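My structure is below; once you've seen it, I'll send some questions.
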Amino acid sequence: MAWTSYQLLLAGMMLTTGSINTLSAKWADNFDAKGCKESQSHQFQHPFLQAVGMFLGELSCLAVFYLLTWRSRSSPVPTIEPSQPFNPLLFLPPALCDMTGTSIMYVALNMTSASSFQMLRGAVIIFTGLLSVAFLGRKLEWSQWLGIAVTIAGLVVVGLADLLSGPATGKNLSDIITGDLLIIMAQIIVSIQMVLEEKFVYKHNVHPLRAVGTEGLFGFVILSLLLIPFYYIPAGGLGNTERHVLEDSLDAFCQIGHQPLIILALLGNIISIAFFNFAGISVTKEISATTRMVLDSLRTIVIWVVSLALGWESFHALQILGFIVLLLGTALYNGLHKPLMCRRCREQSEETQGLLQGERAPINADC
């Protein structure tokens, strides 16, 4: 069945904004600018401030939800079903996981390449699968276990490519290893977030835009407040400013003042995450969750090609192999092989359905 123009627009929007989200964050990280008190020029490394911006983008989804709700109420035929009452605090635990995982990933993005950052996020299916068995009582099929094993192999290949190409990009080998490990660690937290959403949130039938916006509200408020103590907490080598603290927000604003293009990169990150979440939710609704998963995988190619074109990283054939292996593992886990094997396998029982399928995709597929 051919896609409509609207469906093509949604798919293009998801692929484009998803790629811009990672690329704009990396673009901001690559800037060098003077900080406060005319200090020496140094790299813009403010992961927690960037995470606040990302949550601001998610928060904007709440405004979109209320706008759509208002239009639905004024329309003769309602387009949005009224959701049942729920306690907004249900979103606090997933929001805390989202806040922690996102912050760790932004720290890691300073240490590794944008394409490896995107590829290594595929580790989420490993921990999601294991946690769904342990805490949700799910039974994974043989293809899902195979998908997890293949994904582990893909992660090894991508990690090896990083180690071999690291010196060519001028990055410290220890930084690359630390960055890659931090990304994988963050996926454990993201998996916990997804299990919490599965267990406590989905049963309330909350509109996805409202769910994303509510988590964004919690993340924005809490992390904004945490920026105050982060300004005083020593961070040693992790701090890139003269004060070497966990997050020097004042230094970030001074750098923006000296290099205005940084604000363009940050705005690109904020705006793209809002449109990416909206497009992802709409693709799931208008086309399928499988299409959403495929598009999410394809943006890794876009990020890799753009990074190569801009000279942010050097070409290494192992990255192609790693991406193919990771894509194969994700496809096996999500059951994309089944239509090719037999038509009767297209519909799965609820007990064997993975968290990354159907409506069990993460509420906010950010970064």
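Each residue takes its place number in the sequence, starting with 1. Computed from a predicted structure; not experimentally measured.
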Closest non-hydrogen atoms of L196 and C97, given as atom of the first, atom of the second and distance, are CD1-SG, 3.9 Å
Can you get from L250 to L246 by hopping between Ile, Leu, Val, Met, Phe, Trp and Tyr side chains that sit under 4.5 Å apart? no
Begin with the C-alpha distance, continue with both residues' side-chain angles, and end with the deciding distance and a verdict on side-chain contact (heavy atoms from CB on, under 4.5 Å) for I184 and I126. CA-CA 10 Å; I184 295 174; I126 300 172; over 6 Å; no
Pick out which of I303, L308, L310 makes a side-chain contact (heavy atoms from CB on, under 4.5 Å) with V306. L310
Reported CG-to-CG distance for the pair L209 and N277, which is rounded to 0.5 angstrom: 8.0 Å
When you measure from the side chain of S272 to the backbone of N269, do you find a donor-acceptor pair of N or O atoms at a distance under 3.5 Å? yes
Considering only heavy atoms from C-beta outward, does the side chain of T330 approach that of D296 to under 4.5 Å? no
Contact summary for M99 and F55, nearest pair of heavy atoms: CA-CZ, 3.3 Å
Ignoring hydrogens and angles, write down the donor-acceptor pairs under 3.5 Å from the side chains of residues 317-325, residues two or more places apart or on other chains.
residue: Q319; atom: OE1; partner: W304; partner atom: NE1; Å: 2.7
residue: Q319; atom: NE2; partner: S115; partner atom: OG; Å: 3.2
residue: Q319; atom: NE2; partner: S116; partner atom: OG; Å: 3.1

Can you find a heavy atom in the side chain of D29 that is under 4.5 Å from one in the side chain of Q45? no
What's the verdict on side-chain contact (heavy atoms from CB on, under 4.5 Å) for F276 and M14, showing C-alpha distance, side-chain angles and the deciding distance? CA-CA 5 Å; F276 177 64; M14 180 180 172; 3.7 Å; yes
Determine the minimum heavy-atom distance between C254 and G35, stating which atoms define it. CB-C, 3.5 Å
I20 and G268: which non-hydrogen atoms are nearest, and at how many Å? CG2-O, 4.0 Å
Cluster check V305, W312: I/L/V/M/F/W/Y, side chain < 4.5 angstrom: yes
Under a 3.5 Å distance rule, please check whether Q187 uses its side chain to pair with a backbone N or O of F127 as donor and acceptor. no
Decide yes or no for L62 and Y66: does some side-chain heavy atom of the first lie under 4.5 Å from some side-chain heavy atom of the second? yes
May I ask you to test the M54-Y106 pair for a side-chain heavy-atom distance under 4.5 Å? yes
Are the side chains of L89 and F218 in touch, meaning some heavy atoms are under 4.5 Å apart? yes
Please round to the nearest 0.5 Å and tell me the distance separating atom CD1 of I287 and atom CG of L10. 6.5 Å
Any donor-acceptor pair under 3.5 Å from S191 side chain to V124 backbone: yes
Could you state the interatomic distance from CG (D162) to CG (L173), rounded to the nearest 0.5 Å? 9.5 Å
Quick one: CG on D251 to NE2 on H46, what's the gap to the nearest 0.5 Å? 4.5 Å
Stepwise side-chain contact (heavy atoms from CB on, under 4.5 Å) test for E286 and Y6: CA-CA 9 Å; E286 298 290 336; Y6 179 61; 3.9 Å; yes
Looking at every heavy atom in both A186 and M105, which two are closest together, and how far apart are they? CB-CG, 3.4 Å
Taking a hydrophobic cluster as the set of Ile, Leu, Val, Met, Phe, Trp and Tyr residues connected by side-chain heavy atoms closer than 4.5 Å, whether directly or through intermediates, do V190 and L130 fall within one such cluster? yes
Hey, are the side chains of Q255 and H42 touching, using non-hydrogen atoms and a 4.5 Å cut-off? yes
Shared ILVMFWY cluster between L223 and Y232, side chains joined below 4.5 angstrom? no
For F48, is the CZ atom crowded, meaning more than 12 foreign heavy atoms sit under 6.0 Å from it? yes
Close side-chain approach of F44 and I256, heavy atoms under 4.5 Å: yes
pair Q144-R138: side-chain heavy atoms closer than 4.5 Å: no
Minimal heavy-atom distance between A33 and I262, with the atoms involved, is CB-CD1, 4.5 Å
Applying ring pair (Phe, Tyr, Trp, His ring centres under 6.0 Å), can you list everything that pairs with F31, at least two apart in sequence or on another chain? W27
dist L181:CG -> I176:CD1 (nearest 0.5 Å) comes out at 12.0 Å
With rounding to the nearest 0.5 Å, note down the distance linking OG1 in T128 to CD1 in I192. 10.0 Å
Do NZ/NE/NH1/NH2 and the carboxylate oxygens of K26 and E313 come within less than 4.0 Å? no
Could you go step by step and tell me if V206 and T214 meet the side-chain contact (heavy atoms from CB on, under 4.5 Å) rule? CA-CA 10 Å; V206 182; T214 305; 6.0 Å; no
Determine whether the side chains of D180 and T112 contain a donor N or O and an acceptor N or O closer than 3.5 Å. yes
Is there a chain of hydrophobic side chains (I, L, V, M, F, W, Y, each step under 4.5 Å between heavy atoms) that links F230 to I228? no
